Amino acid sequence: MQTHILTERDVYTLLPMEECMDVVSKALEMASKGQTVNPLRTALRLPEKDGLLGMMPAYLGSPESVGIKVVTVMPGNHGTEFDAHQGAVLLFEPEHGCLLAVIDASSITAIRTAAASGVATRLLASPGASQLAILGSGVQAKSHLEAMRLARNITEVRVWSRTPANAQRFAERESARHGIDIHAAATAREAVTGAEIICTCTSSDKPVLAGEWIADGAHVNAVGACLPKSRELNTVAVVKSRLFVDRRESALNEAGDFLIPKKEGAIDDGHIVGEIGEVLLGNVPSRQAPDEITLFESLGIACEDLATAHYVYRKAVDSNTGVTIDFGGMWE
């Protein structure tokens with residue numbers, strides 16, 4: 001059996017952000033139509049360490065495939081040479097269960113997470129939104145800047161990090177990369193004041209974005225917190241927003257940004273307007289008024305990883321990219 005091995009560099013070569021946005025959009029539609037299987041993620045916490053091993057299996061109806069993403073999540077890696085999310089996506093064909101590909105998960109996660117936010121921003125942000133605020137300065141901040149520039153005509157960017165030097169480095173590097181002026185803000189409040197699109201891309205387990213700072217008509221992509229007791233937004237931010245999710249079941253079980261205000265009695269399950277896939281299908285309305293605040297709570301679901309991995313695998317086969325090894329099958 002031939003198995004493809006694809007590295008981080010291979011993925012970035014084969015998966016432009018705009019193409020990934022199309023792939024993720026279709027995957028979210030299928031999820032909302034019940035054409036995927038997405039068990040809740042499971043995690044093995046490392047004893048006496050701030051880290052875990054996360055496992056996210058999925059089945060995709062079209063193109064039919066099955067797979068799992070296995071990653072380590074190491075918050076202490078932020079600001080170092082190591083990615084906070086490392087691992088692999090294992091892609092299988094469903095008829096005989098053969099392993100088709102082993103694909104770097106850091107790059108898949110970085111691109112498809114921002115791609116989902118890009119899809120949500122196209123659907124929910126004000127059409128003329130041009131001012132972007134990014135809280136965080138790591139891998140997701142970089143990929144979200146790219147996705148937001150595809151979703152809207154971004155002319156002004158402010159970035160904030162808990163480590164000011166990281167924000168300054170991000171601003172200088174990405175300004176040169178994109179040919180756009182990016183300002184490193186001294187505080188999170190300074191970064192988001194007046195912003196029309198806000199992306200929270202931090203590893204914080206406590207709020208970094210207060211609802212009192214968010215301008216009327218803004219759209220927020222919350223992507224950093226993915227555990228029930230972690231959140232990036234305070235209760236006011238969630239209460240005053242129309243809340244959209246990638247998947248209801250995931251939000252009801254895993255999203256601290258939603259679960260903590262719910263536990264406080266500030267909201268209930270009905271506060272979730274709908275899934276992004278339902279908006280794409282026309283079953284749930286998107287933005288309803290120019291001054292309303294919209295919020296996309298992105299946990300990331302395995303069918304996004306699987307759809308993206310299958311897309312990358314097919315392009316790799318067609319372009320003879322990566323390394324192919326004999327793996328599995330009968331031995332005599």
Side-chain angles (χ1 to χ4, degrees), residues 4 11 14-42 54-71 88-103 105 108-109 111-124 147 151 221 223 226 243-255 258 269 272-286 296-318:
H4 256 70
V11 173
L14 295 167
L15 190 63
M17 181 63 71
E18 191 159 19
E19 292 180 22
C20 190
M21 287 170 66
D22 291 338
V23 172
V24 167
S25 179
K26 293 172 184 174
L28 291 171
E29 285 188 17
M30 285 191 287
S32 292
K33 288 193 291 187
Q35 296 175 346
T36 67
V37 180
N38 282 281
L40 292 173
R41 75 189 84 199
T42 58
M55 293 152 278
M56 298 171 61
Y59 167 84
L60 192 68
S62 178
E64 190 179 15
S65 49
V66 64
I68 184 169
K69 183 171 77 172
V70 182
V71 293
V89 179
L90 307 182
L91 177 66
F92 299 84
E93 58 84 25
E95 184 176 357
H96 302 292
C98 299
L99 180 63
L100 296 176
V102 178
I103 305 174
I108 290 282
T109 302
I111 301 169
R112 70 86 167 142
T113 302
S117 295
V119 172
T121 301
R122 279 181 173 169
L123 293 170
L124 302 175
N221 296 305
V223 304
C226 59
L243 172 61
F244 297 82
V245 299
D246 43 19
R247 183 165 174 259
R248 276 189 180 82
E249 184 183 9
S250 297
L252 293 172
N253 286 276
E254 299 171 348
F258 168 77
D269 292 353
I272 298 175
V273 176
E275 297 175 347
I276 291 298
E278 293 174 320
V279 180
L280 288 164
L281 292 168
N283 298 331
V284 169
S286 58
F296 172 48
E297 177 66 23
S298 173
L299 289 168
I301 51 179
C303 71
E304 296 173 330
D305 297 298
L306 187 55
T308 303
H310 194 281
Y311 183 80
V312 168
Y313 165 71
R314 290 310 320 169
K315 286 188 72 175
V317 170
D318 292 343

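Quick caveat, the model's predicted, so the values are computed rather than measured.
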### Task
Before giving the answer on side chain to side chain contact (heavy atoms under 4.5 Å, CB included), spell out for L280 and S32 the whole-Å C-alpha distance, their side-chain angles and the decisive distance to 0.1 Å.
CA-CA 9 Å; L280 288 164; S32 292; over 6 Å; no
#### Entry: L15 and Y311: CA distance, side-chain angles, deciding distance, side chain to side chain contact (heavy atoms under 4.5 Å, CB included) verdict
CA-CA 8 Å; L15 190 63; Y311 183 80; 3.8 Å; yes
### Task
Run the numbers on E64 and Y59 for side chain to side chain contact (heavy atoms under 4.5 Å, CB included), then give the verdict.
CA-CA 8 Å; E64 190 179 15; Y59 167 84; 3.0 Å; yes
### Message
As a quick check of understanding, evaluate side-chain hydrogen bond (donor to acceptor under 3.5 Å, both in side chains) for T121 and N221, giving each step before the final call.
### Response
CA-CA 8 Å; T121 301; N221 296 305; 2.9 Å; yes
### Message
Between I111 and V11, does the side chain to side chain contact (heavy atoms under 4.5 Å, CB included) criterion hold? Intermediate values first, please.
### Response
CA-CA 9 Å; I111 301 169; V11 173; 4.1 Å; yes
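Looking only at side-chain heavy atoms (C-beta outward), S65 and E93 stay at 4.5 Å or farther from each other. Counting only heavy atoms from C-beta outward, the side chains of L40 and M56 never approach each other to under 4.5 Å. Annotation: side chain of E254 is in contact with side chain of R41 (closest heavy-atom distance under 4.5 Å). Side-chain contact between V37 and L60 is absent, with no heavy-atom pair separated by less than 4.5 Å. A heavy-atom distance below 4.5 Å is found between the side chains of L124 and I276. Residues H4 and Y313 are in side-chain contact: their nearest non-hydrogen atoms beyond the backbone lie under 4.5 Å apart. Here the side chains of L91 and L99 are not in contact, with every heavy-atom distance at 4.5 Å or above. For the pair V119 and F296, the minimum side-chain heavy-atom distance is 4.5 Å or more.
Side chain to side chain, K69 and T109 meet the donor-acceptor criterion of an N or O pair below 3.5 Å.
When all heavy atoms of G300 and R112 are compared, the pair lying nearest together is CA-NH1, 3.3 Å. Heavy-atom minimum distance, L306 versus V66: CD1-C, 3.8 Å. G274 and R248 get closest at one heavy-atom pair: CA-NH2, 3.4 Å. Across every non-hydrogen atom of V279 and S286, the tightest pair is CG1-CB, 3.8 Å. Between D246 and E304 the shortest heavy-atom distance is CB-OE2, 4.5 Å. Annotation for A302 and N38: closest pair N-OD1, 3.4 Å, computed over non-hydrogen atoms.
No salt bridge links R247 with E275; every basic N to acidic carboxylate O contact stays at or beyond 4.0 Å. For K26 and E19, the salt-bridge test fails: no basic side-chain N is under 4.0 Å from an acidic carboxylate O.
In this structure, I103 CD1 and H310 NE2 are separated by 9.5 Å, a value rounded to the nearest 0.5 Å. In this structure, CE in M55 is found 4.0 Å from OG1 in T42, a value given to the nearest 0.5 Å. Note that CG of L252 is 5.5 Å distant from CZ of F258, once rounded to the nearest 0.5 Å.
The backbone N or O of A115 lies less than 3.5 Å from no partner atom in the side chain of S117, so there is not a single donor-acceptor pair.
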